[in-house]
Amino acid sequence: MIDIQLVRDNPERIKQKVAEKNMKVDIDLLLKLDVEWRALQQEVDELRRKRNELSSKLKSGKPDQNLIDEGKQLKIELADREGLLDKSKAEFDNLLFRVPNPHSDDVPVGNEDSSVEIKRYGDCNKTGATDHLDFAVARGWVDFERGAKVAGTKFYFLKGELALLENALLQYGLSVMADEGFTFMTVPHLVNARTATGAGFSPRSDKESNEYFVEDEDLSLIATAEMPITGYHTDEILDEKDLPLLYAGYSACYRKEAGTYGKHTRGLFRVHQFNKLEMYAFCLPENSLELHERILGIEEKIWQEIDIPYHIINIASGDLGSPAAKKYDIEYWSSVDNAFRELTSCSNCTDFQARNVNIRVKRADGTLQLVHTLNGTAISMARALVAIIEHYQNADGSLNVPKVLQKYMGGKETI
RNA sequence: GGAAGAUUCGCCUAGUGGUCUAUGGCGCCGCCUUGGAAAGGCGGUUUGGGGGCAACUCCAUCGUGGGUUCAAAUCCCACAUCUUCCGCCA
């Protein structure tokens, strides 16, 4: 969540930022509730002070019936005020939680089409490739029909060499992560509500949610390893000398993707379950801007080494999502769609997630500060396979193996 | 899923209704001592919120949430987590 102090100090700026993010939160109501709950808090504190005073009078000597009666009266009054306070504070908290992280000033303002291209790599004009699904089905590499039989639409089996190629991508990704100083981790695929909402994902009550929830349990299936890793250091005070903490989490990602039919949904591009190697960083506040660029640089290195043409876009405010202050996407050039398609995404969430899950760092001067958190896709397997099939296919139905993956495919140059 | 035990201020730990504004140790910080250090001595050291320029002060915080009571770390209830054992099982 956002620091309420920012809202108190400059409500007009926050209103504008919320509007620019295409979100609706009643900031005036938030400020009204802020005043209200704090006034109630003061009343409650004062009543509690009286109670403490009274009970210390009763500590010694024999019980005084007058004081006991006074205490009983105080207790009734306190219960009444505490009830009002709880209600007011809960209302305030709910509203505060809905305020998004204000985007950085260098984020383009507007909707999706206002996102700004900041770089291109490779040949982004190529056309005429065979669709990845047709190509892969012809080779018996992917089976959506049987996926539907065992789970439902948009579930699939990967088979044979394509499944092995996914494994090769993971091995390659892990070697890059190791070179870059990231600690590899596997993660729980289910997280509790505090962790899910802490990372900025929908609460259970949200019917539009992209997450799957487990019935009768306080658990949701993760949509990304970002969720469990956000919660990894919950309620901890980190040591300044240990930062930045760099983690690479590998997990399956589960997404409902309801209502997205028709938007590049063919084949492996948008599915209910896929595997992803995700980078995640906890760092000092003053270092997050630089680290964001570094994470983007690692993503670029991966796609340059695999050699897929792409461009980088600075995502516009209206398409940012709640927790991100700034986000870069890498979109590869689809030689089937003749358009750019999202491949990776990296966000600077500043202190927004850290405030939710209470992760702080003890600074050299002894003060405590919230850390900043960042996340970025290293390799999202299903989409990576789509891009590789589009760019490495041969007319005879065979597929060249990208050079950096060959050593993880038993040295094969073609499959 | 069942049983027993546990959960206290970074870590370990004392604490069975008012003397807890929570004990002691370790660690950490400051000072004394020293040529310098170690040892030793003295003092400080949970976190969050409110008020105040400040000194300071008020409230909360002993896993979480309820309850009993004038008063709860302490008594009662529920839940969570951990440990051990049983069951099941890759």
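In the text below, chain A, chain B and the rest are named by the order of the sequence lines, each starting its count at 1. Both backbone and side-chain heavy atoms feed into the values below; hydrogens, waters and symmetry mates do not.
- Relative orientation of the A/Tyr247 and A/Tyr232 rings is perpendicular, given thresholds of 30° and 60° on the angle between their planes.
- Note: A/Glu211 CD to A/Cys253 SG = 11.0 Å, rounded to the nearest 0.5 Å.
- Residues A/Val191 and A/Ala196 share a closest heavy-atom pair of CG2-CB, 4.0 Å.
- Aromatic pair A/Phe282/A/Tyr280: centroids less than 6.0 angstrom apart.
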Just the table, please: protein N/O against nucleotides 48-54 of chain B N/O, every pair under 3.5 Å.
unit_1 : atom_1 : unit_2   : atom_2 : d
B/rG48 : OP1    : A/Arg360 : NH1    : 2.8
B/rG50 : O2'    : A/Gln42  : NE2    : 3.3

Short N/O separations, protein against nucleotides 6-13 of chain B, under 3.5 angstrom:
none

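- Geometrically, A/Lys159 does not engage A/Trp141 in a cation-pi contact, judged by NZ or CZ lying under 6.0 Å from the ring centre and within 45° of the ring axis.
- Atom CD of A/Glu53 and atom P of B/rU21 are 15 Å apart (whole Å).
- In this structure, CZ on A/Phe92 lies 11.0 Å from CG on A/Asn94, to the nearest 0.5 angstrom.
- Between A/Asn52 and the phosphate of B/rA60, there is a side-chain N or O to OP1/OP2 separation shorter than 4.0 Å.
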Margin query: Let's go through A/Val371 and A/Leu284 carefully: what are the C-alpha distance in whole Å and the side-chain angles of both, what is the deciding distance for side chain to side chain contact (heavy atoms under 4.5 Å, CB included) to 0.1 Å, and is it a yes or a no?
Written below: CA-CA 5 Å; A/Val371 298; A/Leu284 294 173; over 6 Å; no
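- A straight line from CG of A/Leu74 to P of B/rC59 spans 12 Å, rounded to a whole angstrom.
- One interatomic measurement links the two molecules: CG of A/Asn358 to P of B/rU46, which rounds to 17 Å at whole-angstrom precision.
- To the nearest whole angstrom, the two C1' atoms, one in B/rG25 and one in B/rG15, are 16 Å apart.
- Side-chain atoms of A/Lys154 come within 3.5 Å of backbone atoms of A/Arg270 as a donor-acceptor pair (strictly under, hydrogens ignored).
- In this structure, CD of A/Glu82 is placed 13 Å from P of B/rG65, rounded to the nearest angstrom.
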Next item on the list: Going 5' to 3' through nucleotides 67-81 of chain B, assign each nucleotide B (protein heavy atom under 4.0 Å from a base atom), S (under 4.0 Å only from sugar-phosphate atoms) or - (no protein heavy atom that close).
Entry: --BBS----------
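- By the 30° and 60° cut-offs, the orientation of the rings of A/Trp333 relative to A/Phe340 is perpendicular.
- For the pair A/Arg383 and A/Phe274, the NZ or CZ position fails the cation-pi test of under 6.0 Å to the six-membered ring centre and within 45 degrees of the ring normal.
- Screening A/Arg360, A/Lys362, A/Arg363 for a salt bridge (Lys or Arg N to Asp or Glu O under 4.0 Å) with A/Glu240, the sole residue that qualifies is A/Arg363.
- Atom-to-atom, CG of A/Asp239 to P of B/rC28 comes out at 12 Å; the value is rounded to the nearest Å.
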